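Only one structure is covered here, and it is reproduced in the block below.
First the proteins, then the strands, lettered A, B, ... as listed; each starts at 1. Computed from a prediction, not measured in an experiment: that's the story for all the values here.
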There are 2 protein chains.
Amino acid sequence: MSAGLTERRQAILKLVIQEFVETACPVASETLVRKYRLNVSPATVRNELAALEELGYLTHLHTSAGRVPTDAGYRFFVENLMERTALPLAEQRTIRHQFYQVRGELDQWIQLAGAVLARTTQNASLVTPPRSAEPLRFRSLELIAIHDTMALAVLVFHGGIVKQQTVTLDAVRSAEELRRAAARLSDYLADQTLSGIEETLARPPEQQTLMLSDFERGLVEMLVRAMQTFEEQSREQIHSDGLIEMLSQPEFIPALVREDAERAVERLRRALEILKSGRGLGTLIPQVLASDGVQVIIGGENSADEMREYSVVLARYGVENAIAGVLGVIGPTRMAYPRSISTVRYISSLMSDLLAELYNVESRISEGEALEE
Amino acid sequence: MSAGLTERRQAILKLVIQEFVETACPVASETLVRKYRLNVSPATVRNELAALEELGYLTHLHTSAGRVPTDAGYRFFVENLMERTALPLAEQRTIRHQFYQVRGELDQWIQLAGAVLARTTQNASLVTPPRSAEPLRFRSLELIAIHDTMALAVLVFHGGIVKQQTVTLDAVRSAEELRRAAARLSDYLADQTLSGIEETLARPPEQQTLMLSDFERGLVEMLVRAMQTFEEQSREQIHSDGLIEMLSQPEFIPALVREDAERAVERLRRALEILKSGRGLGTLIPQVLASDGVQVIIGGENSADEMREYSVVLARYGVENAIAGVLGVIGPTRMAYPRSISTVRYISSLMSDLLAELYNVESRISEGEALEE
DNA sequence: CTTTAGCACTCTCTACTAGAGAGTGCTAAG
DNA sequence: CTTAGCACTCTCTAGTAGAGAGTGCTAAAG
């Protein structure tokens with residue numbers, strides 16, 4: 001047929017996608033004409049739809065069932081047709097207020113970000129904790145007595161990263177003993193990375209600048225172990241939320257999708273595995289960490305077969321040259337991309353602001369409008 | 001007809017339940033005879049099945065489809081027919097070893113407990129963090145410098161409960177300033193509950209034993225807020241895991257359950273809500289906290305309609321008179337109760353041991369067989 | 001060359017029917 | 001009390017027909 005993506009065809013493509021995203025039903029030529037009051041006949045639309053199909057932006061499930069967008073169709077929509085709106089101000093305000101309620105607690109920010117993303121997009125969300133690209137660099141150790149024989153070790157790393165770990169002691173230790181041991185070790189190992197610490201410890205006795213007591217040696221071992229597991233964990237950790245929200249999408253309701261019903265469950269299992277373990281996301285997270293702006297991955301565009309039915313909208317958040325994480329939304333390819341994108345953009349910039357505040361100077365403990373712009 | 005649960009009927013009931021739990025298919029008289037080599041004819045079994053049905057332990061979906069246990073049937077099985085085996089030693093060892101790997105970290109224990117419960121029972125698990133029945137009682141505050149204007153506040157409460165919170169400071173403070181402020185507040189507020197602290201602060205100036213600086217006042221506000229949210233949160237918090245495992249149960253695979261397929265999704269949504277928010281569990285958690293041993297709640301026995309299709313196996317864990325939580329398994333009423341019960345029993349006693357170690361004297365930091373019996 | 005009306009064609013969905021299969025419940029004999 | 005035999009019930013499957021939806025094509029109109 002005739003080549004070229006004329007204006008009118010683009011307009012029709014846009015309508016098809018909007019309609020399909022809204023209703024989840026294949027869209028027919030007549031529906032378009034009626035619902036959007038087009039000044040042409042269904043037959044004309046049909047011709048255009050056929051052209052769009054030939055161009056690869058739409059498909060047919062079978063002869064005679066409306067058109068459905070392909071991945072390429074969504075891609076074109078996201079790239080060229082979509083209006084880039086920001087999240088409504090009222091909604092922004094509500095969200096900001098919720099974050100304000102839990103100020104000072106990174107874990108809660110992460111959880112809240114996930115919840116908000118899920119709720120406003122009606123899809124599942126994922127958030128990775130912010131992390132420095134650098135290896136962990138030890139800064140100081142504090143030991144806080146909790147019991148006679150139990151203490152809390154608080155490991156502080158450069159970049160404001162903190163890890164706590166309970167330690168059972170080999171004997172009753174006074175607070176003073178704890179303080180001294182912590183100070184000695186903080187001094188001894190300050191500013192070193194995990195491998196640096198291991199090197200220091202491996203030096204022959206005559207090169208050691210400090211003789212460690214058995215107690216202190218035990219603490220260092222704990223420290224090393226904690227750093228190891230911490231680095232491993234934070235590399236992979238993904239928080240997710242919004243399963244229930246995503247489950248309310250018609251794709252997961254067998255009766256609505258006229259379809260195997262088996263596939264609905266299979267689809268769900270896949271989503272669960274992606275959300276739980278990140279399997280299927282492949283190298284996406286590092287990629288997003290290395291790029292700016294909101295990234296949209298539609299269907300099987302970028303990764304394994306497992307993701308073929310899902311789209312992902314991700315963005316980096318964090319503080320330049322210090323710390324960064326990824327957050328975003330995952331759901332069926334039939335997704336309200338404009339809304340997802342604007343939500344992800346807003347939440348990521350909000351999280352970035354919050355983190356920046358933690359890292360900067362102007363904020364204060366004494367309440368107030370810390371989070372207002 | 002004839003009344004009474006004869007030996008033989010009990011034996012048959014047991015077989016029906018075992019068979020149904022294994023296969024998820026209604027069990028027929030002939031199947032029983034063939035598979036278990038009964039020395040009676042199918043007709044005899046049929047008579048017994050009819051009697052068991054009249055007694056309320058079995059049902060019929062329709063004339064001519066095998067028997068299915070009722071809630072009462074499961075209940076009788078759990079109470080009287082089931083062998084109470086312990087978890088195989090090899091499995092115990094594996095589990096113990098996994099816990100040993102993450103010694104010292106309560107959060108990880110909780111997560112691990114959930115994962116192990118889910119994996120060994122092939123159902124979903126839930127774990128509430130251990131908590132004291134008493135209100136939080138403040139013990140001490142530590143402030144650890146992280147940045148120029150950022151510190152980590154570590155709040156230590158009686159019972160070894162610890163909460164960390166990031167604090168942004170109103171000005172640059174030296175480590176010494178932080179230390180002194182923390183020490184003063186620790187002293188001032190030591191051993192008080194939340195309401196006690198609020199009272200202390202509300203006293204008129206002339207009764208105050210300590211003049212607080214603005215900085216210290218800000219810290220106290222943070223402290224109060226943290227205690228409030230902490231108490232609220234820990235009251236409701238439920239960790240869950242094993243959705244994927246539970247999803248592999250035939251109840252969630254519409255093609256296997258000859259059934260609406262709609263219901264499978266609805267069922268799943270319910271499970272999700274229960275696991276996420278604890279809704280539907282009602283007063284179950286407090287009840288279990290107040291009782292010893294493993295509690296089994298079958299179907300709608302104890303609570304709302306939402307739980308009608310699920311059974312729950314729960315147990316308390318913790319340290320007598322100090323701290324306690326609840327952990328357990330949730331899944332379709334067609335559940336391998338013996339296995340669930342023995343797993344829950346084992347994990348709860350393991351968690352109790354681990355917590356007891358944290359609270360007691362004999363353990364040591366220096367590696368070794370801390371977790372072996 | 002584009003648009004449109006008309007119409008045949010394709011494919012799904014629903015309802016209906018019939019027959020096979022599974023398993024029970026009943027009856028009557030051992 | 002047990003059991004063989006058999007009728008009965010209910011599900012499941014397959015097949016058929018008709019309605020409905022929507023397209024693709026053709027030919028005429030603008």
| query | Can you tell me if the side-chain N/O atoms of B:R46 get under 4.0 Å from OP1 or OP2 in D:dC1? | reply | no

| field | Heavy-atom check, side chain of B:Y310 versus side chain of B:M335, under 4.5 Å | value | no

| message | Measure CG/B:L61 against C1'/D:dC12 and give the value in whole Å, please. | response | 15 Å

| field | Heavy-atom side-chain proximity of B:L327 to B:V344 below 4.5 angstrom | value | yes

| Distance check: side-chain N/O of A:T44 vs OP1/OP2 of C:dT4, anything under 4.0 Å? | yes

| request: In whole angstrom, give the distance that lies between atom CD of A:E19 and atom P of D:dG22. | output: 11 Å

Enumerate all atom pairs, one protein N or O and one N or O from nucleotides 8-10 of chain D, separated by less than 3.5 Å.
{"unit_1": "D:dT9", "atom_1": "O3'", "unit_2": "B:T63", "atom_2": "OG1", "d": "3.4"}

| query | Is any side-chain nitrogen or oxygen of B:R67 closer than 4.0 Å to OP1 or OP2 of C:dG25? | reply | yes

| note | In whole angstroms, the gap separating C1' of D:dT23 from CD of A:E48 amounts to 15 Å

| field | Whole angstrom value for the distance that separates P of D:dT23 from CD of A:E53 | value | 10 Å

| query | Can you check the B:L32 CG to C:dA22 C1' distance for me, whole Å? | reply | 15 Å

| said: My understanding is that only residues two or more places apart in sequence, or in another chain, count here; which of them pass side-chain hydrogen bond (donor to acceptor under 3.5 Å, both in side chains) with A:S29? | reply: A:R46

| query | Atom CG of A:L49 and atom P of D:dG24: how far apart are they, to the nearest Å? | reply | 8 Å

| Atom CZ of A:R9 to atom C1' of C:dT2: distance rounded to whole Å? | 11 Å

| note | Heavy-atom nearest nucleotide on DNA chain C taken for B:A65 and for B:N47; more 5' hit belongs to B:A65

| message | Tell me whether the side-chain N/O atoms of A:S41 come closer than 4.0 Å to OP1 or OP2 in C:dT3. | response | no

| query | If pairing requires Watson-Crick or G-U wobble contacts with both distances under 3.5 Å, which nucleotide is the partner of C:dG23? | reply | D:dC8

| message | Under the criterion salt bridge (charged side-chain N to carboxylate O under 4.0 Å, His left out), I'd like the reasoning laid out for B:E19 against B:R67: C-alpha separation, chi angles, the key distance, then a yes or no. | response | CA-CA 10 Å; B:E19 181 70 11; B:R67 272 4 189 265; over 6 Å; no

| query | Within the distance-only criterion (no hydrogens, no angle test), does the side chain of A:Y346 pair as donor or acceptor with the backbone N or O of A:P88 below 3.5 angstrom? | reply | no

| field | Donor-acceptor side-chain pairing of A:S340 and A:T343 below 3.5 angstrom | value | no

| request: Choose from C:dT4, C:dT24, D:dT23 the nucleotide whose nearest atom is closest to any side-chain atom of A:V40. | output: C:dT4

| field | OP1 or OP2 of C:dG25 under 4.0 Å from side-chain N/O of B:H60 | value | yes

| field | A:E48: salt bridge (Lys or Arg N to Asp or Glu O under 4.0 Å) partners, not counting sequence neighbours | value | A:R8, A:R9

| Integer-rounded Å distance: D:dC6 P and B:E30 CD | 16 Å

